Amino acid sequence: MDSTDLFERYLQEVRKYLPWQRQDDIVAELRTNLDAQREEREGELGRPLTEGETVDWLKELGAPLQMAARYQAPRYLIGPGVFPMYWHILRLVAIWATFAYAVSIIVRLVVESHSAQWIGAQVMEYPAILVTLAGWITGVFAVLEFVSERYPEKCPDFLAPASRWSPSSLPPLEKQPSAGTKPRNLMALSAELVVRFALLVWLLLIPQHPFLLLGPGAAYVKSGPVVLLPVITWFYWSVVVLNAVEFLWQSYNILADQWQQKNTVQHLATELFGLVPIAILAAAPAQAYLAANPSATHSLPPGLSIADLNHYMFAGFVVVGLIKIAQLCWDFWKTTTRERNPIRAMLLP
Amino acid sequence: MDTSSISDAVFENLRLELRRGCLTLAVLAQLRQEHYGYTLRKALTERGLAIDESTLYPLLRRLELQGLLASEWREEDKRKKRFYRLSPHGESTFKLLLAEWQAINTAVNNIL
């Protein structure tokens, strides 16, 4: 580990806590000023700074979160002294609450019997739970802020963990996006998350309200000449699980401040798991998806049988599956041939 | 927490309060000439007013947002730097603050 590496890791960490619209500008200015300071120190010494000297210097500059906090608009509820711990705890609680809530829903689904509507209601309750938790935490820290402002002599050190911060705890440098890669935008990513959430709710409501998928055709399907076989239910649940996992994954990325760059491994894993629903359909017993409806009020058009329908559906699923596999191979190839990427690093020494 | 550390903490708080306003005035005064962050900090330190990087650089941003400073990115010594100087609004505000400072200084000296 050299001093430049530590310095870059410091700037990388500061960037994470800066207002995203001004990140590049502030980090560029910090780099210029701190570089000049480092060069002067090195000029006085007649040699580059050692790792130990760089550690001392970075400690003098202060914890990245505190450095970044001074660039934020003044906070009247929670000031920079308490803010690092507040932010840390808020993120921890958000991540663990999301995880615990998801696990509790899954356990209740397995142990008890619930409708899709119940799942939808649980998902809809989730934002309110997060807001309530954040409200409580903010309230507690607002009190701590009040106390630490008025009675600083009575406040223990734990309110300022940044004072015990050490540069050796800085995370390693992340891979930079290759030239021409558009940087990600938090607003766009958040909007995408909201759309994913809406999609998940929509999916969960379909079994109880098929008109959400089929429109007025839902009434026709009820008394139509065919019914869906259980393989379609399996397909449906695999799609729901896939979307839920993607939603949770993306939420985690945002909460853990890992949204700036697209995670290649995550993207490829999502594409790979995206093959599961198609695989379920392609592997359907006897390649059958539809059966005759005993309570049908009308029959299929002349010249069309259920066997024909099943055959056409199977052919369609195979074509979609092949397209998805080709797309996955293409993305995998693009990733492994691009310079500086995690897959290449894993595959090639 | 013993009595001496309590009085140290109180003194530290009062000292920071006293410094806060003076720093802004000193930065505005120094920026009658153009500087980038590092040379500004050095100039202030040479004149006896040491200031942390984590205080100075965000302060420059705040003063710029308030319209008291103007800045531009320019290349110097093969490196791009952000140079700051007083804006016209900053110049008039600085004159008012300086008059205020001199009045306070005189008053406090009279009291002392």
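FYI, side chains are in, hydrogens and waters are out, and symmetry mates aren't considered; it's all heavy atoms of this structure. What you are looking at is a predicted structure, and each value in this text was computed from that prediction instead of being measured. Numbers restart at 1 for each chain; the letters A, B, ... are given by sequence-line order, proteins then strands.
Within the 4.5 angstrom heavy-atom criterion, only side-chain atoms of A:L30, from C-beta onward, approach chain B. For B:K80, the part sitting under 4.5 Å from any heavy atom of chain A is the backbone (N, CA, C, O) and nothing else. The parts of A:A28 that come within reach of chain B are both its backbone and its side chain, each placing non-hydrogen atoms under 4.5 angstrom from that chain.
Nearest heavy-atom pair across A:E29 and B:W73 is N-CH2, 3.4 Å. When all heavy atoms of A:A36 and B:R79 are compared, the pair lying nearest together is N-NH1, 3.8 Å.
No more than 12 heavy-atom neighbours from other residues, nucleotides or ligands sit within 6.0 angstrom of CD on B:Q33. Residue B:E100 qualifies as open at atom CD: its count of foreign heavy atoms under 6.0 Å is 12 or below. The 12-atom threshold is exceeded at CH2 of A:W249, counting heavy atoms of other residues, nucleotides or ligands nearer than 6.0 Å.
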Checklist entry - side chain to side chain contact (heavy atoms under 4.5 Å, CB included) between B:Y38 and A:T32: does it pass, once the steps are laid out? => result CA-CA 8 Å; B:Y38 177 66; A:T32 308; over 6 Å; no
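Note that CG of A:N33 and NZ of B:K42 are 12.5 Å apart. Values are rounded to the nearest 0.5 Å. A distance of 9.0 Å separates OG1 in B:T55 from CE in A:M67, rounded to the nearest 0.5 Å.
The pair B:R61-A:D25 meets the salt-bridge criterion, with a side-chain N (NZ, NE, NH1 or NH2) lying under 4.0 Å from an Asp/Glu carboxylate O.
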